[in-house]
Amino acid sequence: MRTRFAPSPTGPLHIGGVRSALFSWLLARHHGGKFILRIEDTDQKRFVEGSIDLITDALSWLGIDYDEGPGKDGGYGPYIQSERLPLYQKWAQWLIDNDKAYRCFCTPERLDQVNKEKEARKEPPGYDRFCRNLSQAEIEKNLAEGKPHVIRLKVPLEGQTTGQDLIRGEVVFDNNTLQDAVLLKSDGYPTYHLAHVIDDHFMEISHVTRANEWLPSLPLHLLLWEAFGWEKPYYAHLPVLLNPNGKGKLSKRHSGFSEDGKKVLVLAKEFKDAGYLPEAVVNFLTNIGWNFGDEREIFDIQEAIARFDISAVNPANSAFPIEKLDWMNGVYIREKLSSEELAKRLRPILENAGLEVNVDRLLKIMPLIRERIKSLNDIVDLAGFFFHETFKPPTAEMLIPKKMDKDGTRKLLEASHARYSVVSETEFLTTPLLTIGAGLVSDLGLNNSQVFGVLRVAVTGQSISTPTFETMEILGKDESLKRIQIAVDLLK
RNA sequence: GGCCCCAUCGUCUAGCGGUCAGGACAUCACCCUUUCAAGGUGAAUACACGAGUUCGAAUCUCGUUGGGGUCACCA
């Protein structure tokens with residue numbers, strides 16, 4: 001088995017592209033086959049410099065490795081279509097020689113005109129096949145005059161073309177609804193239709209998995225395979241990923257737009273930048289349109305490979321359930337990563353936020369933060385205070401809890417300072433600290449949340465944070481007392 | 001509009017003639033609790049509609065409606 005992912009280098013990789021790549025990859029890996037990356041850069045106008053790196057970077061971040069592709073020759077290269085031009089031209093000519101295709105000299109202007117007239121007559125748009133029956137003499141003449149032309153497929157005017165889709169079964173099309181599609185453009189580049197058939201043939205691709213939007217052109221491709229007399233691959237058209245609200249397909253133009261106040265992510269890189277783990281993204285994606293089999297949703301990629309079955313893919317399109325990714329990312333953070341691993345991934349994020357990371361301290365706070373963050377990026381807000389060079393004190397307002405006043409709060413802090421300052425440094429640990437806190441509660445006639453809350457704000461500078469006494473232990477006696485003192489002064 | 005695909009809780013899904021229609025996310029309530037989380041328990045919520053076929057339909061057929069895709073010298 002050989003499968004492929006064949007993106008166009010028109011910019012950063014889209015999450016829908018990732019999903020297609022992932023399913024093709026899963027299919028190949030399940031069967032112990034090969035997964036090939038092929039770059040379809042036959043549209044010079046849309047080519048974006050640097051796209052190929054963006055694509056391979058994204059795949060590598062996600063762990064979707066390819067066996068053959070640009071820079072990784074497997075004997076079927078080159079893997080970039082613009083480097084295969086002579087091949088397409090040769091076979092396009094072959095189609096003409098065998099009466100399966102014809103040269104079309106119609107200008108874009110004429111094509112426009114034809115469509116306008118058809119529209120006026122309320123007919124479906126499409127090429128009127130003006131050049132399909134040009135005489136040999138006319139063709140010679142046009143050629144001699146050097147008229148630019150394209151090569152079009154000569155589709156049968158009647159009958160039906162039946163395709164088999166691995167996901168939805170038989171799909172039937174009436175040939176009279178088909179177009180004489182352009183195979184080779186006037187600039188000598190092939191269109192997708194021609195290029196993918198030729199490449200999939202010579203690269204011996206056995207299973208073509210691609211997005212659902214290709215289904216309408218399946219009959220064209222089938223006709224092409226038949227014209228060449230080559231053995232067809234199996235086709236599987238993956239359901240489309242829709243916007244989170246279910247309206248329209250997820251596309252690049254929605255990227256970054258806010259929807260119901262929520263951010264819509266669509267580029268692979270945006271998921272990385274948002275603090276999602278690649279393992280979680282991959283796990284999440286495999287649960288859309290496919291399921292593990294029992295009721296498990298969290299599983300690692302090896303388990304997915306072992307069970308993957310392309311024919312079990314749900315043919316229905318699905319809205320992109322981004323909120324489920326948030327949950328799943330949290331599961332991975334709190335259950336799947338060791339402290340060392342988590343710290344390793346958190347470190348660059350803290351550093352990018354301009355904080356100076358003390359690795360020992362970072363490792364120490366892992367138990368305090370791992371159940372509190374859903375995105376790696378959450379670490380900055382939740383625990384950034386551990387790494388601030390200079391402590392950012394809270395405001396007096398944050399310090400004073402409801403049902404307490406300024407004086408009362410100050411007295412509480414002063415009492416705390418007094419009691420904690422007599423604790424030895426080696427005893428400055430969570431449990432004794434908590435005991436003292438509890439003593440404060442009963443002695444001052446306050447409740448837990450008042451005392452612990454005030455201490456939390458004083459020590460962390462924020463009202464939502466890691467647990468108070470654990471935090472104090474990690475901060476150490478000096479630092480903790482210093483911060484409590486700052487709070488006292490703030491309330492004077 | 002033509003053609004093609006699709007249709008189970010708000011969302012992702014299980015189900016492939018007989019189930020109290022299951023799970024997960026999200027939501028809500030309660031419990032736990034040093035904030036926030038996490039965790040625990042529980043609640044609410046779905047077979048788009050209409051005809052058939054059948055002893056029996058979420059499951060099969062047809063139609064309707066709805067949604068999506070596609071109609072380029074883009075992929």
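Naming: A, B, ... by sequence-line order, numbering from 1 per chain.
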Expressed as a whole number of angstroms, how long is the span from A:L194:CG to B:rC74:P? 12 Å
Considering every strand shown, what is the Watson-Crick or G-U wobble mate of B:rC49 when both distances are under 3.5 Å? B:rG63
Whole angstrom is fine here: how far is it from CZ in A:R372 over to P in B:rG39? 12 Å
Is the phosphate of B:rU13, meaning OP1 or OP2, less than 4.0 Å from a side-chain N or O of A:S318? yes
Less than 3.5 Å apart, any donor N or O on the side chain of A:Q89 or A:Q93 sitting next to an acceptor on the other? no
Return the nearest nucleotide to the side chain of A:I464; candidates are B:rC36, B:rA75, B:rG23. B:rC36
NA contact type, A:P7, heavy-atom cut-off 4.0 Å: base, sugar-phosphate, or nothing? nothing
Any strand, both distances under 3.5 Å, Watson-Crick or G-U wobble: B:rA57 pairs with none
Once you apply a heavy-atom cut-off of 4.0 Å, does A:V150 come out as touching a base, just sugar-phosphate, or nothing? base
Can a cation-pi geometry be assigned to A:R103 and A:F105, taking NZ or CZ under 6.0 Å from the six-membered ring centre and within 45° of the ring axis? no
Of A:F105 and A:P125, the one whose closest RNA chain B nucleotide lies more 5': A:P125
Pick the C1' atom in B:rU8 and in B:rG67, then give their distance to the nearest Å. 15 Å
Can you find a side chain N or O atom of A:K185 that sits less than 4.0 Å from OP1 or OP2 on B:rA72? no
To the nearest 0.5 Å, what is the distance between CG (A:L277) and CG (A:L342)? 8.0 Å
Base, sugar-phosphate or nothing for A:V457? Non-hydrogen atoms, less than 4.0 Å. nothing
Between A:K324 and B:rG23, is there a side-chain N or O to OP1/OP2 distance below 4.0 Å? no
Looking only at heavy atoms, what is the nearest atom pair of A:V182 and A:T191, with distance? O-OG1, 2.8 Å
Between B:rU11, B:rA38, B:rU34, which nucleotide has the shortest distance from any of its atoms to the side chain of A:E371? B:rA38
Residues in contact with RNA chain B, drawn from residues 280-293 of chain A - heavy-atom cutoff 4.0 Å: A:N287, A:I288, A:G289, A:N291
Say we look at B:rC31 and B:rG18: how far apart would their P atoms be, to the nearest angstrom? 43 Å
Can you figure out which of B:rC3, B:rC5, B:rU11 approaches the side chain of A:T177 most closely? B:rC3
Heavy atoms under 4.0 Å, any strand shown: does A:P124 hit a base, just sugar-phosphate, or nothing? nothing
Whether A:T466 contacts B:rU35 is assessed here as follows: a side-chain N or O lying under 4.0 Å from the phosphate OP1 or OP2. Is that the case? no
Are A:Y88 and A:Y189, when compared by the centres of their aromatic rings, separated by less than 6.0 Å? no
When you get a sec, tell me which of B:rG67, B:rA14, B:rG10 is the closest nucleotide to the side chain of A:N314? B:rA14
Have a look at A:R152 and say if it touches a base, only the backbone sugar-phosphate, or nothing, with a 4.0 Å heavy-atom cut-off. sugar-phosphate
Both distances below 3.5 Å, Watson-Crick or wobble geometry, any strand: find the nucleotide opposite B:rU70. B:rG2
For A:L37 and A:P7, the nearest pair of non-hydrogen atoms, with its separation, is CD1-CD, 3.7 Å
Looking only at the side chain of A:N317 (C-beta and beyond, no hydrogens), which of the listed nucleotides B:rG68, B:rU34, B:rG23 gets closest? B:rG68
CZ (A:F130) with more than 12 external heavy atoms under 6.0 Å: no
Specify the separation, in whole Å, of atom CD1 of A:I322 and atom P of B:rG10. 21 Å
Please work out if A:K374 contacts a base, only the sugar-phosphate, or nothing of the nucleic acid, heavy-atom cut-off 4.0 Å. sugar-phosphate
Pick the C1' atom in B:rC73 and in B:rU59, then give their distance to the nearest Å. 47 Å
Heavy atoms under 4.0 Å, any strand shown: does A:R334 hit a base, just sugar-phosphate, or nothing? sugar-phosphate
Per A:K249 side chain, nearest of listed nucleotides B:rU70, B:rG67, B:rC74: B:rU70
Under 4.0 Å, counting only non-hydrogen atoms across every strand here, what does A:P401 touch: a base, just sugar-phosphate, or nothing? nothing
Name the nucleic acid region contacted by A:T191, choosing base, sugar-phosphate or nothing; use a 4.0 angstrom heavy-atom cut-off, strictly under. sugar-phosphate
Can you check the distance between B:rA24 and B:rG39, where both ends of the measurement are the P atom (answer in whole Å)? 12 Å
Can you tell if the side chain of A:T286 reaches within under 4.5 Å of the side chain of A:F299, non-hydrogen atoms only? yes
Check every atom of B:rA75, B:rC73, B:rC3 against the side chain of A:K45 and return the nucleotide holding the closest atom. B:rC73
Base, sugar-phosphate, or nothing: which does A:F173 touch, judged by heavy atoms less than 4.0 Å apart? sugar-phosphate
Out of B:rC73, B:rU11, B:rA75, whichever nucleotide has its closest atom nearest the side chain of A:E40: B:rA75
Taking any strand in view, what nucleotide pairs with B:rC9 in a Watson-Crick or G-U wobble way, both distances under 3.5 Å? none
Inter-residue atom distance A:Q462.CD - A:I464.CD1, 0.5 Å rounding: 8.5 Å
Return the nucleotide paired to B:rC20: Watson-Crick means purine N1 to pyrimidine N3 with N6-O4 or O6-N4, wobble means G-U with N1-O2 and O6-N3, both under 3.5 Å. none
Sugar-phosphate only, base, or nothing, as touched by A:R168 at under 4.0 Å among non-hydrogen atoms: sugar-phosphate
Would you say A:N212 reaches B:rG69's phosphate, i.e. side-chain N/O to OP1/OP2 under 4.0 Å? no
What nucleic acid atoms does A:S217 come within less than 4.0 Å of, heavy atoms only: base, sugar-phosphate, or nothing? nothing
Rounded distance in Å between the C1' positions of B:rG69 and B:rC30: 46 Å
Does the structure show a Watson-Crick or G-U wobble partner for B:rA26, both distances under 3.5 Å? Name it, or say none. none
With a non-hydrogen cut-off below 4.0 angstrom, is A:E470 in contact with a base, only sugar-phosphate, or nothing? base
Nucleotide B:rG67, atom P - distance to CD of A:E213 in whole Å: 19 Å
Suppose you measure atom C1' in B:rC47 against the same atom in B:rC9; what distance do you get, rounded to whole Å? 10 Å
Please measure how far the P atom in B:rA44 lies from the corresponding atom in B:rC4, and state the result in whole Å. 44 Å
Check whether the ring centres of A:Y192 and A:W214 lie less than 6.0 Å apart, and answer yes or no. yes
Quick check: on RNA chain B, is the nucleotide nearest A:L382 upstream (toward 5') of the one nearest A:P315, or the reverse? Name the residue that is more 5'. A:P315
Identify which nucleotide among B:rC4, B:rA37, B:rC74 has an atom closest to any side-chain atom of A:L215, counting heavy atoms from C-beta outward. B:rC4
Go through A:D180 and A:R129 one step at a time and tell me if the salt bridge (charged side-chain N to carboxylate O under 4.0 Å, His left out) criterion holds. CA-CA 7 Å; A:D180 283 358; A:R129 299 185 162 127; 3.0 Å; yes
